[in-house]
Amino acid sequence: ANLQIGSIRVLAPCVDSSQLQSVVTTIQTIPFETRRAALLVAIGPELSPELIDQAWNLASKLTLPKYRSDAMLALAPIYTRERLEESLQAIQDISHEWHRAELLTGVAKYLPEGRMTALLQIVAGITDEITRAEALIGLAHHLSESALREAWRIATEICYMPYRVKALSKLGVLMTPDQRSSAIKEAWESSKQIIYDDQRSRALIALIPFLSLRLLKNACQIAWTITSELDRADYFLALASRLAPTAPGLALQRALETALTITDEEFRVNALIRLAPLMTENLLDELLNALDSITSPGVRIEAFRGLALHLSEERLRQLSQTIEPTASPESYAVECELAILASHLPKKDRRGVVHRAWDIGKEIRDAERRARAVIELSAVLPEELFHEAFELACNLADDDQRTDVIKALLNRLPEFPESQYLPHWISICHYFATRPRQEFLRLSADLEPILGKHGGEDGVAEAAQAILDVGRWWP
């Protein structure tokens with residue numbers, strides 16, 4: 001059945017009206033509502049005006065609210081004005097409020113401006129406050145100035161504060177400038193009354209971009225009423241973004257201070273990464289110094305990965321010079337950090353940083369950590385270190401670790417000039433010749449770029465055929 005419906009959806013634009021008439025006639029005989037509705041949705045956009053009445057009657061006879069709503073919504077673009085008027089009554093007849101709201105917001109774009117009042121009356125009759133708020137949000141862009149005021153009145157009657165604020169925020173930003181100020185102020189005051197911390201902070205954050213300077217002062221004062229350190233950091237980040245063009249210093253300083261108070265290292269790093277593009281030079285120094293307090297190697301690596309995108313070449317050079325090996329010989333963070341910084345440096349400045357990272361990384365005793373360090377370095381590894389890195393990979397005892405490192409190195413190899421990588425390619429072929437067949441097959445897909453560079457599509461095809469032949473000869 002699903003295949004048939006999908007086929008009809010694809011073929012509908014290609015058939016004439018007489019064939020569509022046959023489809024509509026066939027739909028009437030289908031006993032299952034779900035299939036009747038799906039077919040109406042499939043052919044709706046292709047129906048001619050002569051078939052609208054039949055399709056409308058079929059849609060209006062569907063008893064389940066979801067199917068009736070879906071079918072009527074699919075037919076809405078081709079309604080005549082009379083049918084659009086009738087759709088208002090059809091919307092009211094849908095018992096399930098969510099599907100009623102879904103249909104009225106979908107039909108709104110096709111109705112004349114004068115009928116928006118009728119839609120708002122239907123919205124006002126929706127008892128579920130979340131559905132009522134979502135309906136107002138869905139209608140907002142279709143409302144005139146006077147209709148926006150009526151929608152605002154309906155929104156203020158919503159008692160569930162998070163959704164009241166959500167609706168007021170959407171409507172407020174669409175009002176005229178003289179109305180918007182008071183509308184946003186009322187939404188702001190309502191947001192502060194939300195009981196739950198996470199809901200309150202989300203509502204306040206959504207309004208910050210639209211606040212006047214007077215309300216922004218109040219916004220700074222109430223920030224510390226947010227008890228969740230993560231929500232408070234998000235709040236200050238939004239505040240810093242809003243104030244950055246006019247008064248960056250204090251807001252950015254507070255945002256950074258708040259981010260640094262987050263005890264969870266992963267959340268703290270996420271906040272710092274989002275702050276980095278806004279930071280002044282002095283604050284950026286403070287932000288980078290804060291990385292020293294992060295103890296988790298994995299989190300430190302992700303911090304460098306995110307922050308490197310926002311650092312100048314000069315700062316990348318300075319940072320790569322200040323990173324020192326840790327006391328623990330098992331830590332792999334330093335090598336990965338240097339590799340990340342090197343990947344953002346120009347090639348002429350990269351080599352020394354990579355060599356330094358390699359000298360540190362190859363001394364790691366733990367095989368898994370050493371493998372992770374080499375994988376991180378592989379993307380920026382210079383030709384003169386490739387052979388040593390490949391030998392290190394081949395000597396890893398764990399099959400998965402060895403495969404992962406060799407795969408990373410194979411991806412790097414095609415980027416070398418042909419004169420440099422041919423000796424390495426010979427070493428790789430010799431290695432695979434001495435290993436079990438399964439290991440070669442696991443990495444065969446990663447050899448495709450190299451084979452394609454040398455032999456083109458024919459070379460890749462011949463290699464694939466050789467693999468099949470060997471498997472047939474020696475199963």
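This is a predicted model, so every value here is computed, not measured. Positions are given from 1, in the same order as the sequence printed here. Just the heavy atoms: all of them, side chains too, but no hydrogens, waters or symmetry mates, feed the values below.
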Residue pair R356 / S320: nearest heavy atoms and the distance that separates them: NH1-O, 2.7 Å
Separation of S169 OG from L174 CG (nearest 0.5 Å): 11.0 Å
Smallest separation among heavy atoms of I406 and A393, with atom names: CG1-CB, 3.9 Å
Residues D197, R200: salt bridge by 4.0 Å N-O rule: yes
Electrostatic pair R300:E265 at N-O distance under 4.0 angstrom: no
Side chain to side chain, L288 and L291, heavy atoms closer than 4.5 Å: yes
Side-chain donor-acceptor pair present, Q253, E257, cut-off under 3.5 Å: yes
L311 side chain near L284 side chain, heavy-atom distance below 4.5 Å: yes
Nearest-0.5 Å distance that lies between atom OG1 in T258 and atom OH in Y235: 11.0 Å
R315 with E281: basic N within carboxylate O range, under 4.0 Å: yes
Check against side-chain contact (heavy atoms from CB on, under 4.5 Å), E134 and W98: CA-CA 9 Å; E134 294 291 0; W98 179 261; 4.1 Å; yes
Closest contact, heavy atoms only, A276 versus H310: CB-CD2, 4.0 Å
Any donor-acceptor pair under 3.5 Å from R350 side chain to V380 backbone: no
Qualifying residue, where the test is side-chain contact (heavy atoms from CB on, under 4.5 Å) with P65 and the options are R100, H99, E97: H99
E129 (side chain) donor-acceptor with Y160 (main chain) under 3.5 angstrom: yes
Verdict with supporting geometry, S201 and D234, side-chain contact (heavy atoms from CB on, under 4.5 Å): CA-CA 8 Å; S201 62; D234 285 340; over 6 Å; no
Nearest heavy-atom neighbours spanning I137 and K166: CD1-CG, 3.6 Å
Heavy-atom closest contact (P162 atom, I194 atom, distance): CA-CD1, 3.8 Å
4.5 Å side-chain heavy-atom contact, L338 and V354: no
side-chain contact (heavy atoms from CB on, under 4.5 Å) assessment of W358 paired with V374: CA-CA 8 Å; W358 176 255; V374 175; 3.9 Å; yes
Pairwise distance OG(S181) to CE(M175) - rounded to 0.5 angstrom: 12.0 Å
Evaluation steps, side-chain contact (heavy atoms from CB on, under 4.5 Å), between R351 and E384: CA-CA 10 Å; R351 192 176 299 273; E384 64 269 19; 2.5 Å; yes
Nearest-0.5 Å distance that lies between atom CG in L171 and atom CD1 in I184: 9.5 Å
Check: Y163 side chain, T131 main-chain N or O, donor-acceptor pair, under 3.5 Å: no
S293 (side chain) donor-acceptor with A290 (main chain) under 3.5 angstrom: yes
Salt-bridge present (R372, E368; N to O < 4.0 Å): no
Enclosure of E189 CD (heavy-atom neighbours >12, cutoff 6.0 Å): yes
Heavy-atom check, side chain of L287 versus side chain of L260, under 4.5 Å: no
Approximate separation, where rounding is to 0.5 Å, of R68 CZ and H96 NE2: 12.5 Å
Crowding at NZ, K192 (>12 non-hydrogen neighbours, <6.0 Å): yes
Taking every non-hydrogen atom, the tightest pair across R402 and L396: NH1-O, 2.7 Å
CD1-CG distance between I226 and L204, expressed to the nearest 0.5 angstrom: 6.0 Å
